[in-house]
Amino acid sequence: MATRIRPSSKRCAVIGGSGFLGRYLVEQLLDRGYSVSVFDIRQGYELPGVTFHLGDLCDKQALLAALQGVSLVFHCASPAPSCDDRALFHRVNVDGTRNVLQTCQEAGVQKVILTSSASVVYEGTDIKDGKEDLPYAKKPIDYYTETKIQQEKLVLEACDTQKGFLTVAIRPHGIFGPRDPQLVPILVDTAKRGKMKFIIGDGTNLVDFTFVENVAHGHILAAESLRPESPICGKAYHITNDEPVRFWDFMSQILVGLDYDPPKYRLPYRLVHVLAMLLWLLVLFLRPVLQLRPTFTPMRVALAGTHHYYSCTRAKEDLGYRPLVSLKDAITRTVNSYSHLRRVA
Ligand SMILES: NC(=O)C1=CN([C@@H]2O[C@H](COP(=O)(O)OP(=O)(O)OC[C@H]3O[C@@H](n4cnc5c(N)ncnc54)[C@H](OP(=O)(O)O)[C@@H]3O)[C@@H](O)[C@H]2O)C=CC1
Ligand SMILES: CC(C)=CCC[C@@H](C)[C@H]1CC[C@H]2C3=C(CC[C@]12C)[C@@]1(C)CCC(=O)C[C@@H]1CC3
């Protein structure tokens with residue numbers, strides 16, 4: 001019979017710890033004196049004090065081995081939203097998360113912190129100062145969001161204070177910062193292809209973009225506040241920069257910071273959305289013979305042309321959360337870190 005190592009409160013595991021957010025989480029945890037194991041399908045970097053366990057989170061035996069002696073688990077692994085593979089999202093985010101919860105219980109883990117997403121309530125229409133009690137989206141904008149909803153429900157429903165198995169979900173929105181493989185690279189690539197000339201809508205829609213260090217900080221506060229008697233058990237928390245910004249101002253600041261021209265011509269939101277829907281239907285129709293990846297998907301157009309910002313009052317009250325880095329400083333640090341993507345004259 002295998003012997004179980006007694007969990008220590010400063011020993012934690014980060015599932016998805018090789019990824020963008022995961023690595024910041026690992027760095028902050030080390031700074032706070034935790035010993036950290038990373039479980040991921042790839043090893044993204046090397047860092048003294050971090051042990052890597054490579055495997056798929058759907059594989060119970062691999063995960064069980066990585067969770068020995070661990071009392072606290074952060075689960076921030078997911079296929080990238082852009083991959084558009086329904087079966088993969090379901091296998092990893094839903095079945096895989098069920099496996100994470102069962103394996104954590106078997107390994108004697110006491111606390112699970114899930115990285116969910118504020119988009120679990122977003123349906124492509126305006127959300128202004130959205131609170132956590134908004135209902136889950138009935139028509140999620142994509143498969144990624146559909147499975148993030150199911151994932152969050154599984155994790156929050158597994159919370160059982162009697163058994164000492166405690167869970168909480170963090171819902172960040174629009175994470176950005178140095179080393180992000182998504183937001184700035186997509187934006188620069190779009191600009192290089194001459195497709196960043198247009199503002200969709202009137203350009204006044206407000207959105208949350210959240211600096212990655214603030215998101216990691218919110219996760220650690222949640223972990224350290226999670227106790228059987230605390231009000232946070234089984235709840236979801238928005239973590240944002242608490243400074244909603246005009247979507248197009250944010251994009252323009254990054255572009256100008258990297259010497260690209262900001263978008264200046266206005267296009268009506270409804271028109272662009274309908275065109276993106278028609279294009280999407282065409283892509284689906286042609287899919288058996290031709291794989292096309294349009295820049296203007298209905299989901300992207302909705303993200304670019306609607307308000308979607310969220311209140312983080314609950315996190316401030318229950319977790320004592322305050323963003324560590326302001327939006328202004330976050331943008332400066334991010335732009336400076338992407339000097340290799342700067343426009344060459
Ligand atoms: N980025 C954002 O703006 C937002 C992100 N989130 C959530 O935050 C979390 C982290 O996002 P982010 O850091 O951007 O994502 P990343 O893709 O950078 O990190 C996720 C990590 O998980 C790994 N992974 C994927 N599938 C598996 C698997 N089956 N088993 C083990 N590891 C796996 C990935 O490997 P590989 O790279 O090889 O796939 C990657 O290393 C996700 O849950 C995401 O849904 C929520 C809101 C906004
Ligand atoms: C706040 C939030 C949910 C951010 C998510 C990040 C991405 C979804 C964005 C990163 C770059 C963005 C982008 C567009 C849409 C949203 C992003 C993919 C456009 C495609 C919107 C339409 C355009 O004119 C081009 C934009 C390129 C960058």
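Whatever order the structure lists them in is the order used to number ligands and atoms, beginning at 1. Just so you know, these numbers come straight off a predicted model, no measurement behind them.
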Classify the ring geometry between [X] and [Y] as parallel (under 30°), tilted (30 to 60°) or perpendicular (over 60°).
X      : Y      : answer
Phe247 : Phe209 : tilted
Tyr45  : Phe52  : perpendicular
His273 : Tyr269 : parallel

Which atoms of ligand 1 sit under 4.0 Å from any heavy atom of [X]?
X     : value
Asp56 : 28 (C), 29 (N), 30 (N)
Gly55 : 30 (N), 31 (C)
Leu21 : 13 (O)

Taking only non-hydrogen atoms of [X], do any sit less than 4.0 angstrom from ligand 1?
X      : answer
Ser116 : yes
Ala118 : no
Pro172 : yes
Tyr144 : yes

Taking all non-hydrogen atoms of both residues into account, name the closest pair between [X] and [Y] and its distance.
X      : Y      : value
Glu132 : Arg314 : CB-NH1, 3.5 Å
Ser225 : Asp318 : OG-O, 4.4 Å
Arg91  : Cys58  : NH1-SG, 3.2 Å

As a check for students: among [options], identify the option with a heavy atom nearest to [atom].
atom                    : options                : result
atom 20 (C) of ligand 1 : Ala80, Gly22, Cys76    : Cys76
atom 43 (O) of ligand 1 : Lys148, Arg171, Gln151 : Lys148
atom 24 (N) of ligand 1 : Ile41, Ile239, Leu114  : Ile41

Quick check: does [X] get an N/O under 3.5 Å from an N/O on ligand 1?
X      : result
Ser18  : no
Arg91  : no
Pro79  : no
Gly16  : no
His173 : no
Leu57  : yes

Open item on the list: Can you confirm if the NZ or CZ of Lys10 lies within 45° of the ring axis of Tyr34 and under 6.0 Å from the centre of its six-membered ring?
Closed with: yes
Open item on the list: Just by distance, no angles: are the side chains of Gln151 and Lys148 close enough, under 3.5 Å, to form a donor-acceptor pair?
Closed with: yes
Task: Aromatic ring proximity His308/His173, centre distance under 6.0 Å - done: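 Yes, the ring centres sit under 6.0 Å apart.
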Task: Location of contacts on Val92 toward ligand 1, heavy atoms closer than 4.0 Å - done: side chain
TODO: Take Glu152 and Val155 through the test side-chain contact (heavy atoms from CB on, under 4.5 Å) and record every step on the way to the result.
DONE: CA-CA 5 Å; Glu152 187 186 280; Val155 170; 5.9 Å; no
Open item on the list: Is it the case that the side chain of Thr190 and the backbone of Ile186 share a donor-acceptor pair, with hydrogens and angles ignored and the cut-off at 3.5 Å?
Closed with: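 Yes, because the side chain of Thr190 sits within donor-acceptor range (under 3.5 Å) of the backbone of Ile186.
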